[in-house]
> 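Can you read through this structure? Questions will come right after.
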There are 2 protein chains.
Amino acid sequence: MITSHRITPIAEVEGESVTVSRLKAACSNCNLRELCMPAGISSTELDQLDELVYARRKVKRSDALYRTGDPFEALYAVRTGFFKTRLTFQDGRDQVTGFLMAGELIGLDGIGTEAHTVDAVALEDSEVCMIPYAKLEALSGEMPSLRTHFHKVMSREIVRENSVMMLLGTMRAEERLAAFLLNLSQRMVSRGYAALEFHLRMTREEIGSYLGMKLETVSRLFSRFQAEGLIEVDQKYVRIKDIDGLKAIYAHHTH
Amino acid sequence: MITSHRITPIAEVEGESVTVSRLKAACSNCNLRELCMPAGISSTELDQLDELVYARRKVKRSDALYRTGDPFEALYAVRTGFFKTRLTFQDGRDQVTGFLMAGELIGLDGIGTEAHTVDAVALEDSEVCMIPYAKLEALSGEMPSLRTHFHKVMSREIVRENSVMMLLGTMRAEERLAAFLLNLSQRMVSRGYAALEFHLRMTREEIGSYLGMKLETVSRLFSRFQAEGLIEVDQKYVRIKDIDGLKAIYAHHTH
DNA sequence: CGCCAGGTTGACACTTTTCAAGCCGCGTGG
DNA sequence: CCACGCGGCTTGAAAAGTGTCAACCTGGCG
């Protein structure tokens, strides 16, 4: 068990303003605990978890939390802000593989090869809790509830990606965009934000990249959804006016 | 620790011929060990692993190893044969999310919700090793090397799915099919089979489903690849004649 | 104040799907 | 043993959906 917390320099990324603070991150006080950590955990276990979270780190908008090829050291839980993960193909094409908000875990891609396979980029000024992976491995040996929870988190990521595959493989552009808006809305709700009104943190191009379409198609669809009275859009601002209408597009499958 | 191996009935799936045999599956003797299990494991640890694999199970062609909604009990390592996993959407559309061959692990989708979220279907008469998940959880508490290995396997599955997302999101049909053939070829090689000649275990429709295109498109592309001298196709038989040509299609990105 | 990234919209091109017809090969049953 | 049926595959022609290219707009920031 670690009793004195050493402050050591962490991953200095050239040319970027990365701040690491030892604030004693304290899962035990964190209001994201429900999202982030195993439910029904005992208070002694919670103390152990507090050992796990090494430090917080601030990441400025458009800076990378890590990059493809970086050695894998830690997982990160988003405290505040918004990230995307981006996979770059050998010929330079890239694709957004995920958008991450508060309480979600970034970095699972690195475990398998001990190096990151995607870039994680902040879409707004953000803060993460850093979870050194070696500690997580060790602690999960002693703490079955943590282990089980961690496995569930990974499995759910696999399942999420399955449904993205289905989205990309079988759905039309309008269905994908409806699914995307509904998914965002739902995640806002579970964080206590308004369900039907939000600011997009990403550009049309990033949305399109995630959904496998061009930015022009995204833009046209926003316009069309608005014309049909489903939503109200003004640049990054979106208000869902007819959620059932969106659900119908997403699921009803006119064919 | 379990010393006497009880033979209890396992998941009786109605109307399907599922055979479970207690053959003392014995990872220690298994020629798939390199694929399936952590490298550099000690022999005492290997004995522990043998405890983990509860039984083998035969699955006939077109039967399901498990179905969406089935309670999650175990992971399965493919011993022989070939499987697909299939995700079904609420409106009935479905998509193949993976093809699995010997040494690969099926069932990770179930951990997160304790119920399976896809169907796993044998594409030929197959046999799997059953790994009860509760045992894996428990044993991974005691055995760091197993724990680490398991986490890597899950992470690699996430990474694999990332690259399928890229395939579906950014590549054209011909690029996807080339990527598919190259991937199959590579996996054959790592199992000691011929790299450039194989029998497809899946239909055009299943390939198309996995790659997000219609079976007619798959068929046309096979014909075109053949006409261009890249491959030789006769129904399920495929021979790669110009692997560099395929790689060029996959990666070169004519645009 | 002017630039520029990000967004919108139109016209047209291209890829892939859809629909349709026909072929092949294999297993089943007469 | 052969005929039949049927799933799986191939191919063509037309339609639909999305991408490409281009012009223009807007708002924020240096």
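The sequence lines fix the lettering, A, B, ..., with proteins before strands; numbering per chain opens at 1.
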> Looking at B/Arg220, does any N or O in its side chain come under 4.0 Å of the phosphate oxygens OP1/OP2 on D/dT10?
no
> Can a side chain N or O of A/Arg172 be found less than 4.0 Å away from OP1 or OP2 on D/dG17?
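Affirmative; the distance criterion is met.
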> Counting only N and O atoms by type, is there a donor-acceptor contact under 3.5 Å from the side chain of B/Asp242 to the main-chain atoms of B/Gly245?
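Confirmed, B/Asp242 side chain pairs with B/Gly245 backbone.
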> Taking for each residue the nucleotide of DNA chain D bearing the nearest heavy atom, is the 5' side occupied by A/Arg176 or by A/Gln235?
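Closest to the 5' end, via its nearest nucleotide, is A/Arg176.
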> Is there a donor-acceptor pair under 3.5 Å between the side chain of A/Glu206 and the backbone N or O of A/Thr203?
yes
> Please determine, for the side chain of B/Ala173, which listed nucleotide (C/dG6, D/dC9, C/dT16) has the closest atom?
C/dT16
> Let me know, please, whether B/Gly212 or A/Ser223 comes out on the 5' side of the other along DNA chain C by nearest nucleotide.
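On the 5' side of the pair lies A/Ser223.
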> Nearest whole angstrom, please: distance from the C1' of D/dT18 to the CZ of A/Arg224.
12 Å
> With each end axis built from five pairs of C1' atoms, what bend angle do you get for the helix from C/dC1-D/dG30 to C/dG30-D/dC1? Round to 10°.
30°
> Describe the nucleic acid contact of B/Glu216 in one word from base, sugar-phosphate, nothing, applying a heavy-atom distance below 4.0 Å.
base
> Between C1' on C/dT16 and CD on B/Glu174, what's the gap in Å once rounded to a whole number?
12 Å
> Just call it for A/Ser219: base, sugar-phosphate, or nothing, with non-hydrogen atoms closer than 4.0 Å on any strand.
base
> Rounded off to whole Å, could you give me the NZ-to-C1' distance for the A/Lys236 and C/dA5 pair?
10 Å
> Thinking salt bridges, do B/Arg224 and B/Glu228 make one under a 4.0 Å N-O criterion?
yes
> Hey, does the side chain of A/Ser126 reach the backbone of A/Glu124 with a donor-acceptor pair shorter than 3.5 angstrom?
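Yes.
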> Given atom NZ of A/Lys214 and atom P of C/dA13, what is their separation to the nearest angstrom?
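Distance, rounded to whole Å: 19 Å.
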> Side-chain N or O of B/Thr217 less than 4.0 angstrom from OP1 or OP2 on C/dT17?
yes
> Rounded to whole angstrom units, what separation is found between the CG atom of A/Leu200 and the C1' atom of C/dG7?
12 Å
> Roughly how many Å is it from CE in A/Met213 to C1' in C/dT16, rounded to a whole number?
16 Å
> Atom CG of B/Leu215 and atom C1' of D/dC9: how far apart are they, to the nearest Å?
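Value for this atom pair: 8 Å.
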> More than 12 heavy atoms of other residues, nucleotides or ligands under 6.0 Å from CZ of B/Arg61: is that the case?
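Incorrect, the count does not exceed 12.
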> If every non-hydrogen atom of A/Ile240 is compared with every non-hydrogen atom of A/Ile231, which pair is closest and at what distance?
CA-CG2, 4.2 Å
> Grab the CE-C1' distance between A/Met171 and D/dG17 for me, whole Å please.
16 Å
> Between A/Asp109 and A/Tyr66, does the side chain to side chain donor-acceptor pair (under 3.5 Å) criterion hold? Intermediate values first, please.
CA-CA 11 Å; A/Asp109 59 280; A/Tyr66 58 77; 2.8 Å; yes
